[in-house]
Amino acid sequence: MKLYSTLTRDKRDFEPAGDAVTIYVCGITTSNSSHVGHALSAVVFDVLHRYLEFRGYTVRRVQNFTDIDDKIIASARDQGLSTEEVAEKYVQEFFRDMDDLNVRRATEHPRATEEIPAILRMIEGLIEQGRAYPATDNSGSVYFRVKSDPEYGKLSGRSVDELLEGVRIDVEPGKEAPADFALWKSSKPGEPSWDSPWGGGRPGWHIECSAMALEYLGETIDIHGGGLDLVFPHHENELTQSESFTGQKPFARFWVHNGLLRLDGAKMSKSLGNLVTVREALESYSADAIRMYILTSHYRSPLIYDQDNIGTQERAARRLRQAASVTSRADSGDSIDPAPFRERFVEAMEDDLNTPQALAVIFDLAHEINRGRDAGHELAGAQAEMRTLADVLGLTLAEPASKGGLSDEDVEARLASRAQARANQDFAAADAIRDELIEAGVVLEDGPGGTIWSRV
RNA sequence: GGCGACGUAGCCAAGUGGUCUAAGGCAGAGGUUUGCAAAACCUCCAUUCGGCGGUUCGAAUCCGCCCGUCGCCUCCA
C-alpha cells in the first residue's frame with residue numbers, strides 16, 4: 001500500500017522491513033479524561049492496524065502511556081492522591097473509552113514509569129557518546145546536545161541554527177544551547193523521584209518513547225504515528241536521540257501523522273479547554289456513528305467536531321446496518337457478486353488509507369444489496385462481505401443497545417396489540433402504538449412478511 | 001516573524017493534468033410501494049471546484065499573486 005510519510009513529505013509504497021509490521025503510536029498523558037481528538041487518532045491507527053491484518057500482515061502495535069509529568073503531579077496534589085493513583089484512574093478510563101469505540105488494544109501498552117531502567121541505559125549511552133550532558137549548573141538534569149546532530153530538524157523542517165539561537169524559547173540555566181531538551185529532569189522536593197547516576201529525578205517526555213520503541217520493537221520500526229501536533233518537538237527529539245543512540249537510521253521508516261480535531265475554530269486541546277470527552281460523545285452517539293464521522297474525512301485532514309454532522313452519521317450508519325441484515329425472497333436464482341466491491345475497497349485503502357472512498361464503496365455495496373433484495377437475489381454472500389469490509393473500519397453494524405426504556409419483550413407485546421388493531425382496521429389505535437414506540441426509540445417497518453422493528 | 005496545511009453542491013466530504021458535464025453520506029423535490037407511514041427502490045439536485053492572472057492541445061488538479069481559515073514554532077492525539 002501507499003503511505004504518506006511526514007519525513008519525506010510524499011506517498012511511498014509501504015512494505016514492512018521484517019516479518020511483522022511494527023507500529024509505535026504515541027499515547028496519552030494520563031492526567032485527564034480522553035477527548036474526541038484522542039479518539040480520532042486512536043481510530044485512525046486502529047484502522048491502519050486492522051487493514052494491515054486484513055492484507056495478511058502480522059502487526060505489532062505499541063502504544064505508551066505517559067504516566068508521569070507536571071500535570072499528573074499537579075493533579076495528584078489537588079486531589080490528594082498519589083501520581084500512580086491518578087495515572088491508573090485515567091488509564092482505566094482510556095481503556096473503557098476505547099473499548100466502547102471498538103478500538104482494539106495495542107499489542108503492548110507500556111508505561112513510562114515502568115521502563116526507567118531502559119530509559120537510564122539510553123541516557124547513559126547518549127552521555128558516553130557525547131550526545132548528551134549533565135546540566136552545567138549541576139541541577140541533576142540531563143540534556144540532549146542538539147548541535148551534535150547536523151540533521152536535527154529534518155522531520156519538522158526546522159533550521160537547527162534558528163533553534164539554537166533560541167527563537168522564542170526561554171533559555172534554561174544549565175543548558176548549553178536553548179534548543180537542547182531534557183532527557184532527565186531532576187525532581188524537586190516532594191515530587192516523585194527515581195534514582196539515577198545524576199541524582200533523583202524523572203524521565204523527560206521524549207526519551208520514554210525512544211526507549212519503549214527500542215525495547216519492544218527494535219532499532220528500526222516500520223511506522224511511527226501520532227497527532228500532527230507531535231511532530232515538533234516530540235517526534236523530532238525522539239528521532240534524533242534514537243538515531244544517535246543506536247547509530248541505526250532510520251529510526252522509523254514511515255512517520256504517519258493524523259490531522260487535528262477542531263472545536264470552535266481552534267484545535268481541541270487540554271490547554272485551551274475546548275474539548276469534548278470521549279465519554280460525552282458516546283452518551284449521545286453510537287461508536288459506529290463516531291467512527292464514521294472520523295473516517296468520512298481523510299486522516300491527514302483537519303476535522304471540525306460538529307454535533308449535527310455526527311448526528312447525520314447516525315442515520316448513515318442505520319442505512320448500512322439495515323442493508324447488512326435485510327432478508328430477500330431469494331427466488332430469482334441470482335446472487336450479488338461482492339468481488340468488485342472488495343477490489344474497490346482495497347484500492348481505496350491502498351492509497352494512503354483513503355477511508356472516505358472505502359466507506360463510499362461500502363455504501364455502494366449496501367445499495368446493491370437493497371436492489372438485490374427487491375429483485376429477489378441471494379444476499380448472504382454480499383452481506384457477509386459487507387460485514388467483513390465494515391469490520392476493517394471497525395464498524396460493528398450492530399443495533400444500539402436498549403437505552404433503558406422498553407425491553408425487547410415490551411416491544412413485542414406492543415407489536416402484538418398493534419397487529420390486532422390493524423387486523424381490526426383500527427388504524428388510529430395502531431398508529432398510536434407506533435408513535436409511542438418511536439418515542440421510545442423503536443422504529444417499525446410493515447412488510448409483506450409482517451412487521452419488523454429496530455432501535456435507533 | 002519563520003515553517004506548513006487547507007478553501008469542492010444547503011451541510012459534511014472524496015477526487016490532485018484528459019475516463020470529472022466532479023464519488024459517497026445527510027438534507028431536499030417528484031414517483032413506485034404502503035391502510036397511512038417508515039425503510040427501500042427509480043428519477044432529479046455543482047456546465048462547476050475561494051478570487052484574478054498564467055502554463056498547457058487540455059486544469060478543480062501545475063505556477064504566480066490576492067482574499068479567507070487553521071496548525072506548528074511552549075505542554076498537547
Side-chain angles (χ1 to χ4, degrees), chain A residues 6 9 25-29 31-32 34-45 63 66 69-71 153 156-159 162-163 167-170 179 205 225-234 236 257-262 265-272 275 292-293 295-298 300-304 306 308-323 326 344 348 351 354-364 366-367 369-375 421-422 425-428 430-431 434-435 437-438 443-448 451-454 456:
Chain A
T6 307
R9 288 167 205 282
V25 182
C26 289
I28 60 161
T29 300
S31 62
N32 284 99
S34 301
H35 63 246
V36 193
H38 297 128
L40 164 64
S41 187
V43 166
V44 165
F45 290 102
Q63 181 168 33
T66 299
D69 86 326
D70 290 341
K71 285 191 180 122
S156 58
R158 250 147 260 254
S159 122
E162 182 186 276
L163 289 161
V167 180
R168 296 192 53 183
I169 297 175
D170 293 334
W205 177 33
L228 206 49
D229 53 352
L230 295 182
V231 175
F232 188 89
H234 187 53
E236 190 72 62
H257 292 104
N258 60 272
L260 303 176
L261 191 68
R262 296 181 201 163
K267 177 180 73 166
M268 189 177 285
S269 75
K270 293 177 199 170
S271 47
L272 292 174
L275 46 82
M292 281 170 67
Y293 183 65
L295 298 172
T296 49
S297 158
H298 186 80
R300 284 194 282 119
S301 302
L303 182 64
I304 294 169
D306 182 291
D308 293 340
N309 286 329
I310 299 182
T312 69
Q313 292 306 323
E314 204 70 76
R315 269 158 280 175
R318 185 149 178 262
R319 179 173 166 78
L320 295 184
R321 200 158 66 225
Q322 297 205 326
V326 291
R344 287 172 54 211
D351 184 15
N354 191 332
T355 55
Q357 276 195 344
L359 207 42
V361 173
I362 295 178
F363 276 103
D364 285 346
H367 186 230
I369 288 169
N370 285 327
R371 285 166 54 95
R373 186 265 297 262
D374 290 354
R422 291 181 75 207
Q425 303 278 300
D426 184 358
F427 296 119
D431 290 352
R434 183 169 65 199
D435 290 344
L437 289 171
I438 285 171
V443 172
L444 307 188
E445 290 171 48
D446 297 325
T451 300
I452 54 175
W453 61 279
S454 57
V456 289

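A, B, ... follow the sequence lines: proteins, then strands. Residue 1 opens every chain.
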Spacing of H367(A) atom NE2 relative to U43(B) atom P, expressed in whole Å =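 Interatomic distance, NE2 of H367(A) to P of U43(B): 8 Å.
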ask   = Could you state the CZ-C1' distance from R300(A) to G15(B), rounded to the nearest angstrom?
value =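 Distance, rounded to whole Å: 14 Å.
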query = Salt-bridged, D431(A) to R434(A), with N to O below 4.0 Å?
reply =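 Yes, charged N to carboxylate O under 4.0 Å.
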inquiry  = Using the P atom as the point on both nucleotides, what is the distance between A22(B) and C49(B), in whole Å?
reply    =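 Comparing P positions in C49(B) and A22(B) gives a spacing of 13 Å.
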Ignoring hydrogens and angles, does a donor from either the side chain of [X] or the base of [N] sit under 3.5 Å from an acceptor on the other?
X       : N      : answer
R422(A) : G35(B) : yes
D446(A) : C36(B) : yes
S156(A) : C72(B) : no
R434(A) : C36(B) : yes
N354(A) : G15(B) : no

key: D374(A) side chain, from C-beta outward: closest of A77(B), C41(B), C12(B)   =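 Of all the options, the side chain of D374(A) is nearest to C41(B).
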Return the nucleotide paired to [N]: Watson-Crick means purine N1 to pyrimidine N3 with N6-O4 or O6-N4, wobble means G-U with N1-O2 and O6-N3, both under 3.5 Å.
N      : answer
A5(B)  : U69(B)
C57(B) : G18(B)
U33(B) : none
U74(B) : none
C26(B) : G10(B)

ask   = Just by distance, do the side chain of E236(A) and the backbone of S156(A) share a donor-acceptor pair under 3.5 Å?
value =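 At least one qualifying donor-acceptor pair exists.
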ask   = Is a donor on one side and an acceptor on the other found under 3.5 Å between the side chain of T312(A) and the backbone of N309(A)?
value =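 Answer holds: yes.
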Which part of the nucleic acid, if any, lies within reach of [X] when heavy atoms closer than 4.0 Å are counted: base, sugar-phosphate only, or nothing?
X       : result
S301(A) : sugar-phosphate
K270(A) : sugar-phosphate
L230(A) : sugar-phosphate

Pairwise side-chain contact, L40(A) with M268(A), heavy-atom cut-off 4.5 Å (strictly under) =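 They are not in contact (no side-chain heavy atoms under 4.5 Å apart), so the answer is no.
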